[in-house]
Amino acid sequence: MNSIERKTACITGATSGIGAAFAKRFAKQGYDLIITGRRKEKVESLSNTLTKENKINVEVIIAELSDDKKLVFLTEKIKKIKNLEILVNNAGFAKDIFFHKEDFSTHEVMLKVHNLALITLCHAVLPNMVSQGHGRIINVSSLLAFTPSPNNAMYSASKSFVKIFTESIYLELQGTGVKVQALCPGMTRTDFHERMGFDKNTFYKDKGMLKAMTPEEVVDISLQYLEKDKVICVPGGNNKLSRFLLKTLPQVVIYKMASLMIHKKE
């Protein structure tokens, strides 16, 4: 397959974890890539590896997506790519702190990265995808989108937005050939929690309700669900059970459980 025939996939937050796993998967499938990240050395190392191993073209854009100029640059870039087949909105971060104790500017950044950047990029690629009758968008939400989360108020709220937004455009896009998904992973073995200050050697569990999945497992299930046109993807049996309980338990019980989690963190 030559570069003219290849399709392109764009993955934000591809430096590590789930984003990097998506990049590796699409590279193996022969897609050219546009990948974004903030940690220049890591994302460029990934790019070099993918280029050598898969003989594809990889463009790296070092971007903080809360920066208006960087977001405009990326938006204009992907608007012009007629063969852009896949968009994965994965960039994100979390803070383990009470809402009122965090500097407000951090909350603004989170909303820009999780929500504004995501809808901006979706709006940029959808016209071409719809006109061509094909394309796929995966918006990475979270299991926390289904529940209030003390110490992570802005994270769970912004991820809930991602879920509802994705479900809404899923309904709008029926019959167009374009597939969209809200991917709602639970605990996943990445450096996401390590960057929040948790010890990765003790934080992740090997069994039980908090059993952690690998990024590769999450990507496998996500793509299986996408091909079946399932808009909500909650990967992992333990996470599916958690979602079921959140839908069926009385609200007072959910609040009580959430309150217990506060005490564990303090």
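Using a 4.0 Å cut-off between charged nitrogen and carboxylate oxygen, K112 and D67 do not count as a salt-bridge pair. For E64 and R38, the salt-bridge test passes: some basic side-chain N is under 4.0 Å from an acidic carboxylate O.
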task: Please test E59 against K77 for salt bridge (charged side-chain N to carboxylate O under 4.0 Å, His left out), starting from the C-alpha separation and ending with a verdict.
output: CA-CA 11 Å; E59 181 172 356; K77 175 79 179 179; 3.0 Å; yes
task: Run the numbers on F146 and I232 for side-chain contact (heavy atoms from CB on, under 4.5 Å), then give the verdict.
output: CA-CA 11 Å; F146 299 97; I232 300 295; 4.1 Å; yes
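A 4.5 Å side-chain heavy-atom check between M257 and L249 finds at least one atom pair inside the cut-off.
Although no hydrogens or angles enter the test, the distance criterion places a donor-acceptor pair under 3.5 Å between the side chain of E217 and the main chain of T214. Listed for the T51 side chain is a donor-acceptor partner under 3.5 Å among the backbone atoms of S47.
Taking NZ of K80 as the reference point, atom OG1 of T75 lies at 11.5 Å (rounded to 0.5 Å). In this structure, CD on Q29 lies 13.5 Å from CZ on R6, to the nearest 0.5 angstrom. K24 contributes atom NZ, which lies 12.0 Å from atom CD1 of I11 (distance to the nearest 0.5 angstrom).
Side-chain heavy atoms closer than 4.5 Å link hydrophobic residues (I, L, V, M, F, W, Y) into clusters, and following such links, even through other members, never connects I164 to L171. The hydrophobic cluster containing I119 does not contain V72, counting ILVMFWY residues as joined when their side-chain heavy atoms lie under 4.5 angstrom apart, directly or transitively.
In this structure, Q181 and S222 approach most closely via the heavy-atom pair OE1-OG, 2.6 Å. When all heavy atoms of S158 and N115 are compared, the pair lying nearest together is O-ND2, 3.0 Å.
Applying the side chain to side chain contact (heavy atoms under 4.5 Å, CB included) test to K82 and every residue at least two apart in sequence or in another chain returns N128, Q132. Considering only residues two or more places apart in sequence or on other chains, K163 meets the side chain to side chain donor-acceptor pair (under 3.5 Å) condition with E167.
Ring pair H107/F104 is perpendicular by interplanar angle, where above 60° counts as perpendicular and below 30° as parallel.
Applying the side-chain hydrogen bond (donor to acceptor under 3.5 Å, both in side chains) test to residues at least two apart or on different chains, the pairs with a partner in residues 133-145 are Y31-R136, E85-H134, N89-N139, R136-E227, N139-T166.
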